[in-house]
Amino acid sequence: MENGAARTAPAVIVAIDGPSGTGKSSTSKAVAAQLGLSYLDTGAQYRAITWWMVTNGIDVDDPSAIAAAAGKPDIVSGTDPASPTITVDGVDVAGPIRTQEVTSRVSAVSAVPEVRTRITELQRAIAAGAVTGIVVEGRDIGTTVLPDADLKIFLTASPEARAARRSGELKDADVAATREALLKRDAADSTRRTSPLAKADDAVEVDTSDLTLQQVIECVVTLVEEKRAAK
Ligand SMILES: Nc1ncnc2c1ncn2[C@@H]1O[C@H](COP(=O)(O)OP(=O)(O)O)[C@@H](O)[C@H]1O
Ligand SMILES: Nc1ccn([C@H]2C[C@H](O)[C@@H](COP(=O)(O)OP(=O)(O)O)O2)c(=O)n1
């Protein structure tokens, strides 16, 4: 160390993948906040481009129409874990991207290769600009977006646990219907040709079915700290 300057921790890149309801967003936000890292919700980006397609009357069952429009919307993500934001062409879409209308169409839109190329470029640019490091959560972060991440986590949980968590968020939601919708989206996301939902070979798998959110956060914080210490 020169001139007694304080040693700054090297930037650390953390990839957290897994299916819906396994705890990716809650865990990633808390870990990033605790460790002073940025946070990126890549599902919100795919939801945002889906919202734009629906709002602009693009037929989401027509991959060529989606591909032709994929470059049009300007999607901007705010990466402060205390208050993540998402805008499309300057409009705050944090609420509209969570509607059932968007949720039911996001797998079709995000399967289109032109959409993935566009969003993957955005994700890599955001990660490269994160000064202290970043926690990026999604489906293909460890396998495709950031294959050189310092730490890769793959969260899993039983369909029952995931459906119960999701129904708890949606007022009056039917657990059985929520479970079926989750499994349908998992199947679509896992079987698409371009960068499907998958565990990277070098990812640490954590089954969260019987863990509290706090236990999952502690587990991931410990793993990140170990990686940071070894850098
Ligand atoms: N280990 C856990 N135990 C119980 N509930 C959890 C756990 N992890 C997350 N949750 C809750 O489950 C819901 C879905 O979590 P979320 O982080 O949004 O999952 P994902 O991003 O993987 O879809 C949230 O309401 C969250 O508070
Ligand atoms: N890296 C990613 C992240 C999300 N997606 C797609 C597939 C997912 O079903 C949707 C929505 O993701 P999101 O993480 O918001 O979904 P949940 O919050 O888990 O319900 O986006 C993707 O294809 N690749």
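Ligands are counted one by one from 1 in listed order, and the atoms in each one are counted from 1 as well.
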I119, V93: one ILVMFWY side-chain cluster at the under-4.5 Å cut-off? yes
Counting non-hydrogen protein atoms only, what is the nearest one to atom 13 (C) of ligand 1? Give residue, atom name and distance. E169 OE2, 3.4 Å
Purely on distance, is any nitrogen or oxygen of R166 under 3.5 Å from one on ligand 1? yes
Heavy atom of the protein closest to atom 10 (N) of ligand 1 (residue, atom name, distance): R165 CD, 3.8 Å
Proximity of A157 to ligand 1 by residue part, where a heavy atom lies under 4.0 Å: neither
Report yes or no: does R192 contribute a side-chain atom to a donor-acceptor pair with the main-chain N or O of A111 at less than 3.5 Å? no
Would you say G18 touches ligand 1, if touching means a heavy atom closer than 4.0 Å? no
At a 4.0 Å cut-off, with the gap strictly under it, does some heavy atom of G43 reach an atom of ligand 1? no
If only side-chain N and O atoms count, and only distance matters, is there a donor-acceptor pair under 3.5 Å linking R166 with T178? no
Subset of ligand 1 atoms that lie under 4.0 Å from at least one heavy atom of K24: 17 (O), 19 (O), 20 (P), 21 (O), 22 (O), 23 (O)
Between the main-chain N or O of D92 and the side-chain N or O of T87, is there a donor-acceptor pair closer than 3.5 Å? no
For T22 and A157, indicate whether the former's side chain and the latter's backbone hold a donor-acceptor pair under 3.5 Å. no
Can you sort out which atoms of ligand 1 are near P19, meaning under 4.0 Å from one of its heavy atoms? 22 (O)
Would you say R47's side chain and R98's backbone share a donor-acceptor pair under 3.5 angstrom? no
May I ask you to decide if D74's main-chain N or O and D89's side chain share a donor-acceptor pair within less than 3.5 Å? yes
As an exercise, identify every atom of ligand 1 less than 4.0 angstrom from a heavy atom of S20. 23 (O)
R118 side chain to P73 backbone, donor-acceptor under 3.5 Å: yes
Any donor-acceptor pair under 3.5 Å linking the side chain of K29 with the backbone of Y39? no
Of all heavy-atom pairs linking G23 and R165, the shortest is N-NH1, 4.2 Å
Pairs under 3.5 angstrom, nitrogen or oxygen on both sides, ligand 2 versus protein: list them out, please.
residue, atom, partner, partner atom, Å
ligand 2, 1 (N), T42, OG1, 3.0
ligand 2, 1 (N), R139, N, 3.1
ligand 2, 1 (N), D140, OD1, 2.8
ligand 2, 9 (O), R185, NH1, 2.8
ligand 2, 9 (O), D189, OD2, 2.7
ligand 2, 14 (O), R139, NH1, 3.1
ligand 2, 15 (O), R47, NE, 2.7
ligand 2, 16 (O), R139, NH2, 3.2
ligand 2, 16 (O), R185, NH1, 3.3
ligand 2, 18 (O), R166, NH2, 3.0
ligand 2, 19 (O), S20, OG, 3.1
ligand 2, 19 (O), R139, NH2, 3.2
ligand 2, 19 (O), R166, NH2, 3.4
ligand 2, 20 (O), S20, OG, 2.9
ligand 2, 20 (O), R47, NH2, 3.2
ligand 2, 20 (O), R166, NH2, 3.4
ligand 2, 20 (O), R185, NH1, 3.4
ligand 2, 20 (O), R185, NH2, 2.7
ligand 2, 23 (O), R116, NH1, 2.8
ligand 2, 23 (O), R116, NH2, 3.4
ligand 2, 23 (O), R192, NH1, 2.8
ligand 2, 23 (O), R192, NH2, 3.1
ligand 2, 24 (N), R116, NH2, 2.9

With a cut-off of 4.0 Å, which atoms of ligand 1 are near a heavy atom of G23? 8 (N), 9 (C), 15 (O), 16 (P), 17 (O), 19 (O), 20 (P), 22 (O)
Should the proximity of T212 to ligand 1, defined as any heavy atom under 4.0 Å, be assigned to the side chain, the backbone, both, or neither? backbone
Using atom types as modelled and distance alone, determine if a side-chain donor or acceptor of K152 lies under 3.5 Å from a backbone N or O of K199. no
Measure L211 to ligand 1 on non-hydrogen atoms and call it side chain, backbone, both or neither using the 4.0 Å cut-off. backbone
Considering distance alone, does some N or O of S26 sit under 3.5 Å from an N or O of ligand 1? yes
Under 4.5 Å between side-chain heavy atoms, hopping through other hydrophobics if needed: is there a path connecting L146 to L40? yes
